[in-house]
Amino acid sequence: MRLAVPSKGRLREGTLVLLRDAGLQFESTDRALAVPVRNADLELLFVRTDDIPELVTDGVADLGITGQDLLAEYGADLPELVELGYGKCRLVAAVARDDEAEKLEDLAGRRLATSHPNATRRALADRSIDATVVALRGSVEVAPKLGVADAIVDLVSSGSTLLQNDLREVGTLLASQAVLVATQERASTTDVQRLATSLSSVVQARRQRYVLLNAPADRVDEVVALMPGLASPTVVPEASTEWVAIHSVVERDTVWDLLPKLRAAGATGILVLRIEQMVE
Ligand code: AMP
């Protein structure tokens with residue numbers, strides 16, 4: 001099996017870390033195009049991120065990791081097997097700060113400059129917004145100032161670049177992140193599904209934490225109620241009958257809020273551990 005991965009750019013590092021966290025062993029150099037994975041029947045094809053939709057569509061690679069925005073731009077019709085949780089960004093429309101537009105619909109009949117013309121046209125059509133798309137290679141942010149267009153459509157993660165250019169966001173056309181895709185023919189094969197399960201086990205584990213703590217036996221219900229884990233928490237008796245140990249998997253983003261509440265409910269010896277992989 002051949003997996004096309006980004007050879008450079010924003011998605012390269014996240015992809016290499018993910019593959020290694022999933023346990024795949026391989027050399028990564030900037031030059032090598034095809035690299036064998038030592039412990040799997042898999043070859044990594046290091047190529048440009050924006051070539052990956054086409055390489056998978058044409059069957060040059062069986063699988064690929066690329067951005068959802070690039071799949072939309074190419075118009076790829078490939079099954080997205082796993083959303084990988086990095087490379088998150090949005091394709092947004094923005095206007096000059098003093099423009100009267102407030103929402104996407106206000107851009108009807110106007111000219112939009114973008115280096116993502118296909119994804120933009122498709123997203124506008126989905127919303128029945130009839131606007132003229134001006135395809136530019138770069139420097140899209142200055143298009144309104146130069147009078148080339150009334151608005152721009154560009155990828156942002158924080159939006160700070162828009163602010164620096166005196167632009168104001170009016171709406172999101174597409175939310176994107178890195179994804180694992182496969183050819184239509186191979187998507188449901190055992191080998192592809194095994195790789196998808198393995199990558200998804202890492203992505204899922206990153207969003208969770210394993211929490212262990214001691215709780216007074218008479219306050220177990222109170223502590224358990226605070227921890228809505230995947231399944232119900234495991235409660236283990238301790239040598240002293242006055243205490244129990246409680247283990248649970250919780251959402252990483254809730255831990256900051258959860259810890260003081262557990263403490264207030266009498267929990268002690270609270271440990272929060274990373275999980276490497278997780279298959280439900
Ligand atoms: P590259 O041009 O190779 O650095 O990769 C660009 C890809 O990274 C885009 O197609 C998106 O999928 C992703 N990406 C994530 N955040 C951003 C961002 N703030 N601006 C542009 N691309 C982003």
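Every number for a ligand or one of its atoms is a count from 1 in the order of the listing. None of these values were measured; they are calculated from a predicted model. For the single chain, residues carry numbers from 1 onward in sequence order.
Near Gly67, meaning under 4.0 Å from any of its heavy atoms, are these atoms of ligand 1: 12 (O). Taking every heavy atom of Leu70 and a limit of under 4.0 angstrom, the matching atoms of ligand 1 come to 10 (O). Taking every non-hydrogen atom of Thr49 and a distance limit under 4.0 Å, the qualifying atoms of ligand 1 come out as 3 (O).
With a 4.0 Å heavy-atom cut-off, ligand 1 is reached by the backbone of Val156 but not by any atom from C-beta on.
For Asp41, the CG atom is loosely surrounded, since the number of other residues' heavy atoms within 6.0 Å does not exceed 12. Other residues, nucleotides and ligands contribute only 12 or fewer heavy atoms inside 6.0 Å of the CZ atom of Arg263.
Just one residue in the list Arg168, Arg110, Lys145 forms a salt bridge (charged side-chain N to carboxylate O under 4.0 Å, His left out) with Asp99, and that residue is Arg110.
Residue contacts with ligand 1 do not include Arg48, since none of its heavy atoms lies under 4.0 Å from the ligand.
Side-chain atoms of Gln164 and Glu141 include no donor-acceptor pair closer than 3.5 Å.
Using a 4.0 Å cut-off between a side-chain N of Lys or Arg and a carboxylate O of Asp or Glu, Glu27 and Arg38 qualify as a salt bridge.
At the top of the distance list for atom 19 (N) of ligand 1, counting protein heavy atoms only, stands Ser157 OG, 2.9 Å. Looking only at protein heavy atoms, the nearest one to atom 16 (N) of ligand 1 is Cys89 CB, 3.4 Å. Of all protein heavy atoms, the one closest to atom 10 (O) of ligand 1 is Asp69 OD2, 2.6 Å. Nearest protein heavy-atom neighbour of atom 23 (C) of ligand 1: Arg10 CD, 3.4 Å.
Shown here, atom 8 (O) of ligand 1 is in close reach of the protein: a heavy atom of it lies under 4.0 Å off.
Under the 3.5 Å distance criterion, the side-chain polar atoms of Arg2 are left unmatched by any main-chain donor or acceptor of Gly64.
Atom CZ of Arg186 sits about 4.5 Å away from atom CG of Asp62, to the nearest 0.5 Å.
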